[in-house]
Student: 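Handing you a structure now.
Just so you know, ligand 1 is whichever comes first in the structure, and atom 1 is the first atom listed for that ligand.
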Amino acid sequence: MNVLVIGSGGREHTFAWKLSQSDLCDQLFVAPGNAGTAQIANNVNIGVSDFEKQATFCLENKIEMVVVGPEAPLVDGIKDYFKQEKLQHISVIGPDKKGAMLEGSKDFSKKFMERHGVPTAKSKTFDAQNIEEGLDYIDTMQLPVVLKADGLAAGKGVLICASHAEAKSELKAMIVDEKFGKASAHVLVEEFLDGIELSVFVLTDGKNYFVLPEAKDYKRIGEKDTGLNTGGMGAVSPVIFADATFLNKVEEQVVRPTVAGFKKEDMDYTGFIFIGLMNVAGEPKVIEYNVRMGDPETQVVLPRIQNDLMDLFLSVKNQSLDTKVLKTTDATAVTVVMVAGGYPESYGKGDNISGLEQIKEGLVFHAGTTLKEDEVTTNGGRVLAVTGVGSGIKAALTQAYAGVDKVRWEGAYFRSDIGQDLLALKQN
Ligand code: AMP
Ligand code: GLY
């Protein structure tokens with residue numbers, strides 16, 4: 001079967017890497033892709049939400065499966081678009097527009113969790129009509145108070161306010177002054193969850209599911225989790241504090257009711273669910289759903305899965321995941337993201353990247369890279385990720401950082417403390 005992967009980041013390179021190992025995958029295309037995907041697949045210059053061009057390309061190239069990486073095309077309704085008659089034979093791995101609202105609207109997702117008894121932080125949503133009530137509600141809350149823009153705000157829409165005064169002034173800024181544009185026309189005022197964060201990933205065919213390996217990511221730009229938020233500077237899987245007891249609770253209290261909820265609410269939900277969780281004194285509470293895999297979490301989750309990914313996707317399409325057995329390795333995977341100097345604020349592009357060919361062990365997943373006259377150059381903030389896999393976190397870290405040390409370009413930056421918190425937990 002011919003397959004089209006939508007997206008251009010490290011996540012999509014990892015999908016392409018795994019799919020390219022499958023005998024069930026004939027021709028593999030990535031739209032728009034990067035310099036890494038160009039080595040193992042055919043890049044196609046089509047934007048992620050240009051459904052018309054994607055559809056024409058699929059028909060011309062006999063593509064029967066579309067694997068969607070980022071959330072934007074899902075929220076924009078790629079699955080619904082591909083339901084039209086001439087495209088019905090093409091399966092889209094990802095949820096429909098209604099399912100994607102679980103990521104597109106935090107209010108929708110909170111209400112979904114409440115309807116299906118999924119444990120989460122207590123919260124209420126306010127807008128311009130009832131902002132006064134919101135200000136009063138803040139006064140009743142324990143500190144800190146969490147404010148969340150309802151819509152997609154490029155990962156910036158969550159504020160943790162240390163005082164009631166700050167929370168009130170931010171609530172006004174979000175609703176009245178449109179601090180995050182339309183995304184903050186509705187704002188959730190939420191209880192603060194005190195715990196350790198991790199993410200659990202699920203692959204579902206809408207009826208059956210697999211809980212995939214969990215991961216922890218490192219969101220801040222600076223060492224020891226300081227500075228601005230980024231898309232993610234590294235990730236580790238497995239996560240040492242997620243023991244079997246905790247993961248069983250996640251499956252029973254979160255995953256099972258979530259997947260059952262998709263069916264009850266008539267969502268056409270296939271593909272991945274990325275569940276952001278807080279471990280609060282051993283109890284899981286959901287912070288958010290994303291309707292896709294994480295980036296850079298994919299770069300540590302997929303290397304731990306031994307199944308043929310195409311075989312799993314075909315079972316998703318046929319709603320027969322229950323006939324498969326998920327096989328994962330006990331190995332630890334660590335990925336370290338290398339970014340352009342200045343990221344996540346302004347940064348340069350077009351710098352030559354050297355040393356990639358010297359990496360003999362470990363996996364290199366490209367993100368913001370492109371080919372300029374056969375040279376690999378930087379083309380984005382997060383440029384590439386190096387994944388190390390080994391028995392135990394130390395071995396995986398050694399392999400990942402040995403790879404990172406070989407790669408050079410002007411202004412390259414990476415965090416040197418990925419996984420150190422988990423290593424310290426292990427040693428205590
Ligand atoms: P989100 O955009 O929902 O992923 O939130 C961004 C980050 O804010 C999360 O990864 C958490 O670190 C933090 N966060 C969100 N909601 C809460 C909460 N209720 N309590 C504590 N931290 C939170
Ligand atoms: N690494 C976080 C995300 O993919 O949203």
Side-chain angles (χ1 to χ4, degrees), residues 7-12 14-15 68-72 74-75 100 102-110 113 118-125 141-162 167 170 174 180 183-184 187-201 214-221 225-226 228-237 239 272-281 283-302 335-337 339 344 365 367 381-382 385 415 418:
S8 63
R11 167 181 48 210
E12 289 76 21
T14 314
F15 278 139
V68 187
E71 65 278 15
L74 295 166
V75 173
L102 290 170
E103 177 162 359
S105 162
K106 292 194 191 294
D107 180 51
F108 178 85
S109 123
K110 182 65 74 175
M113 289 182 230
V118 175
T120 183
K122 218 173 63 199
S123 102
K124 279 192 175 174
T125 303
M141 298 196 64
Q142 288 196 343
L143 294 173
V145 177
V146 180
L147 300 186
K148 292 186 173 180
D150 173 51
L152 292 177
K156 297 193 181 109
V158 176
L159 302 177
I160 299 186
C161 303
E170 290 292 357
M174 286 167 92
F180 301 109
S184 65
V187 176
L188 284 75
V189 179
E190 182 164 303
E191 163 199 23
F192 178 79
L193 298 173
D194 197 3
I196 324 182
E197 212 172 328
L198 80 158
S199 300
V200 168
F201 303 91
E214 76 285 357
K216 178 182 192 300
D217 81 337
Y218 294 79
K219 290 198 172 83
R220 303 292 192 94
I221 186 74
D225 295 328
T226 53
L228 295 173
N229 258 330
T230 71
M233 296 296 292
V236 179
S237 177
V239 182
F272 296 96
I273 318 150
F274 162 166
I275 306 172
L277 288 168
M278 198 71 90
N279 176 338
V280 183
E283 299 302 321
K285 300 247 182 184
V286 176
I287 297 175
E288 63 168 349
Y289 293 118
N290 294 303
V291 298
R292 51 176 173 84
M293 278 299 290
D295 188 341
E297 290 89 338
T298 307
Q299 290 87 311
V300 291
V301 172
L302 289 194
T335 200
V336 178
V337 176
V339 304
F365 296 116
R382 291 195 292 171
R415 271 180 65 167
I418 301 302

Student: Write out the protein residues near ligand 1, meaning a non-hydrogen atom under 4.0 Å from one of its atoms, in order of chain and number.
Tutor: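 For ligand 1, the residues that come within the 4.0 Å heavy-atom cutoff are K106, A121, V146, K148, V158, I160, E190, E191, F192, L193, E197, K219, M278, I287, E288.
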
Student: Roughly how far apart are L228 CG and K156 NZ, rounded to 0.5 Å?
Tutor: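 Those atoms lie 8.5 Å apart.
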
Student: Within this structure, what is the CZ-CG distance for the pair F180 and L159, rounded to the nearest 0.5 Å?
Tutor: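 Here the rounded value is 4.5 Å.
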
Student: I want to know whether F15 and F272 have ring centres closer than 6.0 Å.
Tutor: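 Yes - the distance between ring centres of F15 and F272 falls below the 6.0 Å cut-off.
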
Student: Kindly compute the distance separating CZ (R382) from CZ (F365), expressed to the nearest 0.5 Å.
Tutor: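 Taking CZ in R382 and CZ in F365, the distance rounds to 14.0 Å.
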
Student: Could you list the residues that satisfy salt bridge (Lys or Arg N to Asp or Glu O under 4.0 Å) with R292, not counting sequence neighbours?
Tutor: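 For R292 the salt bridge (Lys or Arg N to Asp or Glu O under 4.0 Å) partners, ignoring immediate neighbours, are E71, E103.
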
Student: Report yes or no: does E297 contribute a side-chain atom to a donor-acceptor pair with the main-chain N or O of D295 at less than 3.5 Å?
Tutor: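 Yes: the side chain of E297 pairs with the backbone of D295.
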
Student: What is the distance from atom CE of M293 to atom CG of L302, rounded to the nearest 0.5 Å?
Tutor: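 These two atoms lie 5.5 Å from each other.
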
Student: Could you list, one pair per line, each nitrogen or oxygen of ligand 2 together with any protein nitrogen or oxygen closer than 3.5 Å, giving atom names and the distance rounded to 0.1 Å?
Tutor:
| from | atom 1 | to | atom 2 | distance (Å) |
| --- | --- | --- | --- | --- |
| ligand 2 | 1 (N) | D217 | OD2 | 3.1 |
| ligand 2 | 1 (N) | G231 | O | 3.0 |
| ligand 2 | 1 (N) | D295 | O | 2.9 |
| ligand 2 | 1 (N) | E297 | OE1 | 3.0 |
| ligand 2 | 1 (N) | E297 | OE2 | 3.2 |
| ligand 2 | 4 (O) | R292 | NH1 | 3.1 |
| ligand 2 | 4 (O) | D295 | N | 2.9 |
| ligand 2 | 4 (O) | D295 | O | 3.4 |
| ligand 2 | 5 (O) | R292 | NH1 | 3.4 |
| ligand 2 | 5 (O) | R292 | NH2 | 2.9 |

Student: Please tabulate, for side-chain N and O atoms in residues 187-199, each donor-acceptor pair with protein atoms closer than 3.5 Å (sequence neighbours left out).
Tutor:
| from | atom 1 | to | atom 2 | distance (Å) |
| --- | --- | --- | --- | --- |
| E190 | OE1 | K110 | NZ | 3.1 |
| E190 | OE2 | K148 | NZ | 3.2 |
| E191 | OE1 | K122 | N | 2.7 |

Student: Regarding K106 and the six-membered ring of F108, is the cationic atom NZ or CZ under 6.0 Å from the ring centre and inside 45° of its axis?
Tutor: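 No - K106 does not lie over the ring of F108 by the 6.0 Å and 45° rule.
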
